[in-house]
Number of protein chains: 2
Amino acid sequence: MTAPTSVPADPHSPAANPRRRVGRPAAAVLDQNGITAAALQLIGKSGYDGFTMAALARTLNVAPSALYNHVSSKQDVLVLVQDHLTSFVDVSAFETGPWEQAVRDWAWSYRDVFSKHTPLIPVIAVLPVTDAPKTLAMYEAVSAGFSRAGFPQERIIPAIVALESFIFGSAYDVTAPADIFDSGSMAASTPHFTAAVERLAEDSQEKAADVAFSLGLEALLAGLGTLRVA
Amino acid sequence: MTAPTSVPADPHSPAANPRRRVGRPAAAVLDQNGITAAALQLIGKSGYDGFTMAALARTLNVAPSALYNHVSSKQDVLVLVQDHLTSFVDVSAFETGPWEQAVRDWAWSYRDVFSKHTPLIPVIAVLPVTDAPKTLAMYEAVSAGFSRAGFPQERIIPAIVALESFIFGSAYDVTAPADIFDSGSMAASTPHFTAAVERLAEDSQEKAADVAFSLGLEALLAGLGTLRVA
DNA sequence: ACCACTAAATGAATGCCGTTCATTTAGAAT
DNA sequence: ATTCTAAATGAACGGCATTCATTTAGTGGT
């Protein structure tokens with residue numbers, strides 16, 4: 001019923017092939033889906049440093065300026081990529097499983113997706129949901145899960161935002177160098193910190209970022225879980 | 001005793017004016033402190049978009065290339081600014097007050113400082129502490145507080161990292177537009193989410209970001225507090 | 001078959017960016 | 001006075017996102 005794109009129904013439209021818009025020159029080498037796919041592929045191969053409008057155009061065999069017929073800025077492309085990536089975040093457990101495990105699954109997959117795309121985090125964190133339909137769909141699935149789990153309505157959004165903030169910050173943490181906490185020549189003047197860092201390195205097969213994420217997530221689950229009333 | 005800068009004592013040094021280095025041309029219009037102060041001022045006036053090496057040089061009445069005698073890159077300047085800002089984060093309560101209140105004070109001030117400087121978050125989150133002495137000093141104060149509060153050594157760093165991740169993510173949240181969750185024309189297809197957003201807007205004199213930060217922080221405090229043993 | 005229309009692609013140009021480098025400047029040391 | 005050198009200069013470089021006048025090539029109407 002509700003079409004995802006807000007194109008008003010055209011009474012004159014023939015039973016059109018949706019790939020081709022009526023009454024228009026066809027061909028159309030470029031569209032938003034193709035641009036999004038190419039951008040994702042380019043980012044995967046060259047990283048965000050190599051992700052330029054010129055490089056994107058080259059992978060599409062097109063002049064850079066051609067992109068601007070379908071997208072209004074580079075920021076626009078990043079929004080498209082962000083929204084596409086969000087569809088890889090796993091919300092399936094909110095429909096079936098218990099709340100706590102659903103949040104766990106969601107949070108880990110959310111972090112894993114965006115830890116490989118940290119340059120998008122400033123984009124997501126400030127992006128109106130209207131501009132990102134797949135992201136909105138994720139929020140709906142998560143909200144429904146929280147509602148079903150007995151959260152009071154007015155706490156649902158703050159709880160999700162708090163979890164999301166933790167997830168975004170933790171995504172950065174995944175990309176930090178292993179020796180980020182090596183205090184080097186300053187070790188003598190920071191005894192408590194240095195001792196704690198050494199203790200951490202001794203145990204923990206696990207990666208440091210995973211330990212911290214698990215610890216924080218379980219603490220949040222416990223703390224937020226007490227809000228449930230049903 | 002422990003000098004913050006690792007300059008080895010020079011036996012030949014005269015009872016020198018520390019502003020002037022021995023045996024060198026004096027004057028020195030530029031130094032790292034001056035660059036840091038000018039950068040901070042420029043960012044305050046023009047934001048991070050207006051913060052360019054050319055603009056920074058102009059506020060210092062100097063050619064852009066002159067900056068590169070004192071810093072090796074723009075990223076370098078950002079690191080200097082980041083470290084300077086960290087000295088504004090309040091860790092005083094870790095010396096005196098109870099653990100829980102100390103973390104609260106620290107977390108709120110940490111978030112407030114960097115919510116005005118979110119472009120630095122990708123810098124901090126991945127920066128080795130060796131390159132940021134004031135940041136290292138903050139970690140020492142916080143670590144000491146956690147140790148004193150009875151945290152097992154191997155949990156101190158993960159707990160701090162988890163809190164920091166939440167703080168960084170929340171700093172972005174502060175800058176989000178007020179209507180970020182307005183689902184607009186998609187409202188009909190996202191009933192749970194839309195209902196939760198409306199409920200949030202009804203109550204809450206407080207700003208949405210503050211509600212979410214408070215909720216998440218208190219949950220983390222409760223959850224992490226159970227790790228204490230002493 | 002032709003024309004008028006138009007979305008899409010082009011390629012040149014713009015302005016800004018961070019950074020490099022050969023050169024100059026001006027104090028300090030000898 | 002001469003030598004040394006850190007610091008500042010100004011011109012240049014390559015790369016960037018974006019713009020715009022122009023061209024291209026299908027389409028619907030006649």
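The chains referred to below are lettered A, B, ... by the order of the sequence lines, with proteins before strands, and numbering in each begins at 1.
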Among residues two or more places apart or on two chains, list those pairs meeting salt bridge (charged side-chain N to carboxylate O under 4.0 Å, His left out) that have a residue in residues 102-125 of chain B. B:E100-B:R104, B:R104-B:E218, B:R111-B:D210
Can you name the residues that form a side chain to side chain contact (heavy atoms under 4.5 Å, CB included) with B:V113, not counting sequence neighbours? B:L85, B:F88, B:V89
d(CD, B:Q32; P, D:dA7) in whole Å: 11 Å
Terminal axes of the helix from C:dA1-D:dT30 to C:dT30-D:dA1 (5 end pairs apiece), angle rounded to 10 degrees, sit apart by 0°
B:T59 versus B:Q41: any side-chain heavy-atom pair under 4.5 Å? no
With hydrogens left out and only the distance checked, is there a donor-acceptor pair under 3.5 Å joining A:N69's side chain and the base of C:dA7? no
Please list residues of residues 38-49 of chain A whose heavy atoms come under 4.0 Å from any atom in DNA chain C, ordered by number; otherwise none. none
Contacts of type side chain to side chain contact (heavy atoms under 4.5 Å, CB included), residue B:T194, not counting sequence neighbours: B:S183, B:A187, B:T190, B:E198
ring-ring contact (aromatic ring centres under 6.0 Å, His included) contacts in which one or both residues fall within residues 162-190 of chain B, not counting sequence neighbours: A:Y139-B:F181, B:Y110-B:F168, B:F166-B:F213, B:F181-B:F193
CZ of B:R58 versus P of D:dT9: gap in Å, rounded? 14 Å
What is the distance, to the nearest angstrom, from the CG atom on A:N61 to the P atom on C:dA9? 12 Å
Who passes side chain to side chain contact (heavy atoms under 4.5 Å, CB included) against B:A37, sequence neighbours left out? none
Does OP1 or OP2 of D:dA6 have a side-chain N or O of B:H70 closer than 4.0 Å? no
Is a side-chain donor or acceptor of A:D179 paired with a backbone partner of A:D182 at a separation under 3.5 angstrom? no
Determine which pairs satisfy salt bridge (charged side-chain N to carboxylate O under 4.0 Å, His left out) with at least one residue from residues 37-61 of chain A, sequence neighbours left out, and list them in order. none
Roughly, in whole Å, what's the span from CG in A:L67 to C1' in C:dT10? 12 Å
Residue list, side chain to side chain donor-acceptor pair (under 3.5 Å) with A:D173, at least two apart or on another chain: none
Residue pairs passing the ring-ring contact (aromatic ring centres under 6.0 Å, His included) test where at least one lies in residues 34-54 of chain A, sequence neighbours excluded: A:Y48-A:H117
Each nucleotide N or O in nucleotides 18-25 of chain C that has a protein N or O under 3.5 Å away: list the pair and distance.
unit_1: C:dG18; atom_1: OP1; unit_2: B:M53; atom_2: N; d: 3.4
unit_1: C:dG18; atom_1: OP1; unit_2: B:K74; atom_2: NZ; d: 2.9
unit_1: C:dG18; atom_1: OP2; unit_2: B:M53; atom_2: N; d: 3.1
unit_1: C:dT19; atom_1: OP2; unit_2: B:Y68; atom_2: OH; d: 2.6
unit_1: C:dT19; atom_1: OP2; unit_2: B:K74; atom_2: N; d: 2.8
unit_1: C:dT19; atom_1: O5'; unit_2: B:Y68; atom_2: OH; d: 3.3

Sequence neighbours left out, what passes side chain to side chain contact (heavy atoms under 4.5 Å, CB included) with B:S115? Give chain and number order. B:A171, B:V174
